[in-house]
Amino acid sequence: MRADPAKTSEDDAATSLAHADVTKISDTIGCVSHRSIARVGSDLWFLSDGGVFSIGRVLAQATRELKEAVSGPVQDIIQRINWSAAHTAAAIVWDNRYLLSLPLDGAAAPSAVLVCHAQRKAWSGLWTGMDAVDWALSKAAGHERLNFGRADGSVRRWLDYTARANEVESTFQDAGVNVATRITTRAMNLGEAVCEKSGLSVQAEFFESQAPATVAVRLNEDEPIPLGRNFATSIGSLVLPVLLPATLPGLGVKRKAFGTQRLTPFRSLQAVVSSPAGKLGLRTVFATGFVDTMRLEE
């Protein structure tokens, strides 16, 4: 819709919005929830019954009968949407991320947040436990803050603006309750999609992290197999008594490696890193192994 202010700026019938120029973009793609519309750079994204679409991409594909959704890489998640409650979906763009709250697996209200990093054009998967049913931006001391409402009526604020020097235990809690963290990586096939692999090691890099962590692996998307439990992710601390002068440890990178030779051969491996509470800063996960000879017959 193009609303020329000279033609649509008054309340009388001669200059109402009815005089705006309307151009049809698509006969087959529509928006299932107006709250899922968000501005991503110079584009608009929205949830349709075929997934998340981009106005810019739809326009670019105007001559094609089949339009491609930007949510193609996460179509398995799109298929879990409870379409009878899809009108409750809500989205916002924050820190270059398109955050889309969705009702999944029969839920009547948004139960998880589907995340896409708009600059990297990469989907980050699902964020769970937030129960965000709506989003809003506010300003405090001249700075924007991200807020979200929950089904229980509470309103929470995203604390990503808290400086490291001001972080305290409650920074990583919700209303005084510890926030557990669980991160599952994408499936890694070590550069070989078909042949099975024999594992060698999994290494996790933690950056400015303070929480205890547990690392497990999922082979071929099976149940997690623990590799290490409740180990420290900080790079150390001084324990009194200590001989002075002494240098306080920083909050840099800590690497933790685990052998995976004992595991059965696999096609793909996912790392699962979790913590019951505190600040968990996971930067990178590496996996190494050996490619086995392909089995031509079973």
Side-chain angles (χ1 to χ4, degrees), residues 1-104 107-124 126-127 132-139 144-149 151 155:
M1 175 180 289
R2 177 185 172 88
D4 185 342
K7 300 178 181 179
T8 61
S9 59
E10 302 294 337
D11 294 331
D12 60 81
T15 55
S16 69
L17 278 176
H19 296 281
D21 298 325
V22 179
T23 303
K24 183 186 294 183
I25 295 176
S26 173
D27 285 320
T28 58
I29 297 175
C31 180
V32 298
S33 172
H34 69 278
R35 292 191 299 163
S36 71
I37 304 171
R39 181 177 176 178
V40 182
S42 59
D43 201 356
L44 287 178
W45 288 17
F46 60 94
L47 178 65
S48 174
D49 56 5
V52 178
F53 279 83
S54 151
I55 287 287
R57 180 175 290 192
V58 171
L59 287 171
Q61 300 169 338
T63 59
R64 293 169 50 184
E65 183 176 349
L66 182 61
K67 307 297 192 299
E68 182 183 354
V70 296
S71 59
V74 289
Q75 187 61 26
D76 58 327
I77 296 175
I78 298 298
Q79 291 173 345
R80 294 170 53 193
I81 295 175
N82 177 14
W83 292 108
S84 65
H87 64 280
T88 65
I92 199 168
V93 172
W94 181 254
D95 193 23
N96 296 313
R97 290 176 172 86
Y98 176 73
L99 309 176
L100 175 62
S101 297
L102 293 171
L104 300 181
S111 55
V113 181
L114 183 60
V115 184
C116 181
H117 198 290
Q119 279 189 331
R120 296 175 182 148
K121 302 187 186 314
W123 290 91
S124 306
L126 285 176
W127 290 356
V133 298
D134 207 354
W135 308 90
L137 296 180
S138 62
K139 276 200 171 182
E144 279 194 328
R145 304 288 186 243
L146 176 63
N147 311 281
F148 57 93
V155 177

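Predicted model, so just to flag it, every value in this text is computed and none were measured. Here, residue 1 is the first one in the sequence, and each next residue gets the next number.
- Note that CG of D43 and CG of L59 are 8.5 Å apart. Values are rounded to the nearest 0.5 Å.
- Across every non-hydrogen atom of P103 and A85, the tightest pair is CG-O, 3.4 Å.
- Note: E68 CD to S54 OG = 10.5 Å, rounded to the nearest 0.5 Å.
- For the salt bridge (Lys or Arg N to Asp or Glu O under 4.0 Å) test, no residue two or more places apart in sequence or in another chain qualifies with K139.
- Within the 4.5 Å cutoff, the side chain of L99 has heavy atoms near those of the W127 side chain.
- F53 and F46 have parallel rings, their planes meeting at less than 30° on a 0 to 90° scale where 60° marks the start of perpendicular.
- The number of heavy-atom neighbours closer than 6.0 Å to NE2 of H117, taken from other residues, nucleotides and ligands shown, is above 12.
- Summarising the geometry, atom CG belonging to L104 is positioned 9.0 Å from atom CG belonging to N82; distances are rounded to the nearest 0.5 Å.
- When all heavy atoms are compared, the tightest approach of A90 to W135 is O-NE1, 3.4 Å.
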| Could you go step by step and tell me if V133 and T88 meet the side-chain contact (heavy atoms from CB on, under 4.5 Å) rule? | CA-CA 7 Å; V133 298; T88 65; over 6 Å; no

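- Here the straight-line distance linking atom CZ of R97 with atom CG of L146 works out to 11.5 Å at 0.5 Å rounding.
- To the nearest 0.5 Å, atoms CG (L47) and CD1 (I78) are separated by 6.0 Å.
- Using a 4.5 Å cut-off on side-chain heavy atoms (C-beta onward), L102 and P110 make no contact.
- A distance-only check finds a donor-acceptor pair linking the side chain of W123 to the backbone of V70 [under 3.5 Å].
- Looking only at distances, a side-chain donor or acceptor of S48 sits under 3.5 Å from a matching main-chain atom of G30.
- Counting non-hydrogen atoms of neighbouring residues, nucleotides and ligands closer than 6.0 angstrom, the CZ atom of R39 reaches no more than 12 such neighbours.
- Rounded to the nearest 0.5 angstrom, L100 CG and S71 OG are separated by 9.0 Å.
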| query | Run the side-chain contact (heavy atoms from CB on, under 4.5 Å) check on W94 and L137 step by step: do they pass? | reply | CA-CA 9 Å; W94 181 254; L137 296 180; 3.6 Å; yes

| task | Check the pair V52 / Y98 against side-chain contact (heavy atoms from CB on, under 4.5 Å), numbers first and verdict last. | result | CA-CA 11 Å; V52 178; Y98 176 73; 3.9 Å; yes

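- For the pair S36 and S33, the tightest heavy-atom approach, listed with the atom from each and the gap, is OG-O, 2.6 Å.
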